[in-house]
Engineer: 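To start, I am sharing the structure in question, which I have written as structure tokens.
Below, chain A is the first sequence line, B the second, and so on; all start at residue 1.
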Number of protein chains: 2
Amino acid sequence: MRTAEQLRYLILAAQREGNRQLTVLLSAIGLTPAQSEALRIIADHGPLALRELGDMLVCDTGTNPSRIVDRLVAAGLVERTSSEHDRRQVKLTLTPTGQDKALRVAEIENQLYDLLDDATAGTDVGALIAFLDGFTRQSPAGTALANRLAAEKKQPD
Amino acid sequence: MRTAEQLRYLILAAQREGNRQLTVLLSAIGLTPAQSEALRIIADHGPLALRELGDMLVCDTGTNPSRIVDRLVAAGLVERTSSEHDRRQVKLTLTPTGQDKALRVAEIENQLYDLLDDATAGTDVGALIAFLDGFTRQSPAGTALANRLAAEKKQPD
DNA sequence: ACGACATACATGTCGTGACATGAAAAGGAG
DNA sequence: CTCCTTTTCATGTCACGACATGTATGTCGT
């Protein structure tokens, strides 16, 4: 098997494994990884239009994350409010329940990141990130992550 | 953003981007990445039972890849034959069309791996693979890849 | 032989992801 | 103001992935 092929499958396997672990942790609060990502983005950068959320979502680079938001609204975590100055837009805000959930998501994520820190002990994470960053630059998902980092830098809330 | 968090999203983004590129390349022959993986495994290691295929599939670590095979059968690429000595089992073999497609898949994959080789030029791929391998070891997807590598070693066809 | 258990596969369900399409609203050129 | 284009969002469709369940078939202890 070519090295590149092995790398491809390892990246796939790593993504699956991370998702699996996060799914287990998040099931305690009844959320999925995709939902938790959206929730955290709204918590950190809201109120947001649906398109703005979509521009920061790594997990869903489709046209827009309308259906993920559907479920968050159904769960009572997010409110859709039609925008005033542009009635095409929808303003997404967290309900009090949603804010509480977002905090719990942050705790769970930190658990996972602690585990990941252990797993990366002894490896050159900088080189790892540099490669992945180069590979994903210009891609939809990579752009989404870049947008998040830019928004964090601008307004570190 | 924590380094571990950035790493998580970069792995997700890399997986998505690789999948996106492969999807584009494979659309020329009417296959999806998941289907192409199954097809290649059957081509390399067939005839296989459904469970054996499942044990080598990185993309689908569910109970069994019954539905992916459904589509390959519907496309006329794979044949399901009931096993003789164990009527629970299904033997999966490629049709002549399937063998042809598998060759084309191999060509397309090599295109992608050439691109990936370019992208990894100048980085320590060994360290990358070592980390990902450690992280995915023991996970369902990582085990599947290990099974493939073991089968390749045993019978390098 | 027989009953309990295990294995192989198929299938129902849910939540993505990615893409295409359609409706509503805003913006811009004449 | 009017037509045309663009933007925003919702929705239909298809193919996963992951999990649970059900059925048929083997296997094993007794």
Engineer: A/Arg88: which residues meet the side-chain hydrogen bond (donor to acceptor under 3.5 Å, both in side chains) condition with it, sequence neighbours left out?
Structural biologist: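 Counting only residues at least two positions away or on another chain, A/Arg88 forms a side-chain hydrogen bond (donor to acceptor under 3.5 Å, both in side chains) with A/Asp86.
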
Engineer: Tell me: CG of B/Asp86 to P of D/dT27, nearest whole Å?
Structural biologist: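 Roughly 6 Å, once rounded to whole Å.
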
Engineer: Can you check whether A/Ile29's main-chain N or O pairs, donor with acceptor, with A/Lys101's side chain at less than 3.5 Å?
Structural biologist: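 Yes; at least one donor-acceptor contact below 3.5 Å.
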
Engineer: When the distance from CZ of B/Arg88 to P of C/dA8 is rounded to whole Å, what number comes out?
Structural biologist: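 About 6 Å, once rounded to whole Å.
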
Engineer: In whole angstrom, what separates B/Leu22's CG from D/dC16's P?
Structural biologist: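 Distance, rounded to whole Å: 12 Å.
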
Engineer: Taking only residues two or more places apart in sequence or in another chain, which ones pass side-chain hydrogen bond (donor to acceptor under 3.5 Å, both in side chains) with A/Arg2?
Structural biologist: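 If we apply the side-chain hydrogen bond (donor to acceptor under 3.5 Å, both in side chains) test to A/Arg2, skipping adjacent residues, the hits are B/Asn110, B/Asp114, B/Asp117.
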
Engineer: Which pairs, protein N/O on one side and nucleotides 15-21 of chain C N/O on the other, fall under 3.5 Å?
Structural biologist:
unit_1, atom_1, unit_2, atom_2, d
C/dT16, OP1, A/Thr32, OG1, 2.7
C/dT16, OP2, A/Gln35, NE2, 2.5
C/dG17, OP2, B/Arg16, NH2, 3.4
C/dG17, O5', B/Arg16, NH2, 3.3
C/dA18, OP2, A/Thr61, N, 3.1
C/dA18, OP2, A/Thr61, OG1, 2.7
C/dA18, N6, A/Arg67, NH2, 3.4
C/dA20, N6, A/Thr63, OG1, 3.1

Engineer: Say whether, by atom type as modelled, one donor and one acceptor occur between the side chain of B/Glu37 and the main chain of B/Val58 under 3.5 angstrom.
Structural biologist: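 Judged by distance alone, yes, a pair lies under 3.5 Å.
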
Engineer: Of B/His85 and A/Arg80, whose closest DNA chain D nucleotide lies nearer the 5' terminus?
Structural biologist: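 Looking at the nearest nucleotide for each, A/Arg80 comes out on the 5' side.
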
Engineer: Quickly work out the B/Asp55 CG to C/dT7 P distance and round it to whole Å.
Structural biologist: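 Going from B/Asp55 (CG) to C/dT7 (P), I get 12 Å.
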
Engineer: Given atom CG of B/Asp70 and atom P of C/dT11, what is their separation to the nearest angstrom?
Structural biologist: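 The answer, rounded to whole Å, is 7 Å.
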
Engineer: Going by modelled atom types, is there a donor-acceptor pair between the base of D/dT25 and the side chain of B/Arg87 at under 3.5 Å?
Structural biologist: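 Under the 3.5 Å cut-off, the side chain and the base do not form any donor-acceptor pair.
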
Engineer: Can you tell me the pairing partner of D/dT30 across any strand shown, Watson-Crick or G-U wobble, with both distances under 3.5 angstrom?
Structural biologist: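 Per the H-bond distance test, C/dA1.
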
Engineer: Going by atom types alone, do B/Glu107 and B/Gln111 pair a side-chain donor with an acceptor below 3.5 Å?
Structural biologist: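 Looking only at side-chain atoms, B/Gln111 and B/Glu107 do not form any donor-acceptor pair under 3.5 Å.
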
Engineer: Could you check whether B/Asp60 pairs with A/Arg16 (Lys NZ or Arg NE/NH1/NH2 to Asp/Glu carboxylate O, under 4.0 Å)?
Structural biologist: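 Result for this pair is no, no salt bridge flagged.
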
Engineer: CG of A/Leu53 versus P of D/dT8: gap in Å, rounded?
Structural biologist: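 Rounded to whole Å, this separation is 14 Å.
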
Engineer: Once you round it to whole Å, what is the distance between P of D/dT7 and CD of A/Gln89?
Structural biologist: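 Computing the A/Gln89:CD to D/dT7:P distance gives 13 Å.
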
Engineer: Is there side-chain contact between B/Lys91 and B/Arg80, with heavy atoms separated by less than 4.5 Å?
Structural biologist: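 With C-beta onward as the side chain, the pair stays apart.
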
Engineer: Whole angstroms only, please: what is the CG-P distance between B/Leu57 and D/dA18?
Structural biologist: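 Answer to the nearest Å: 11 Å.
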
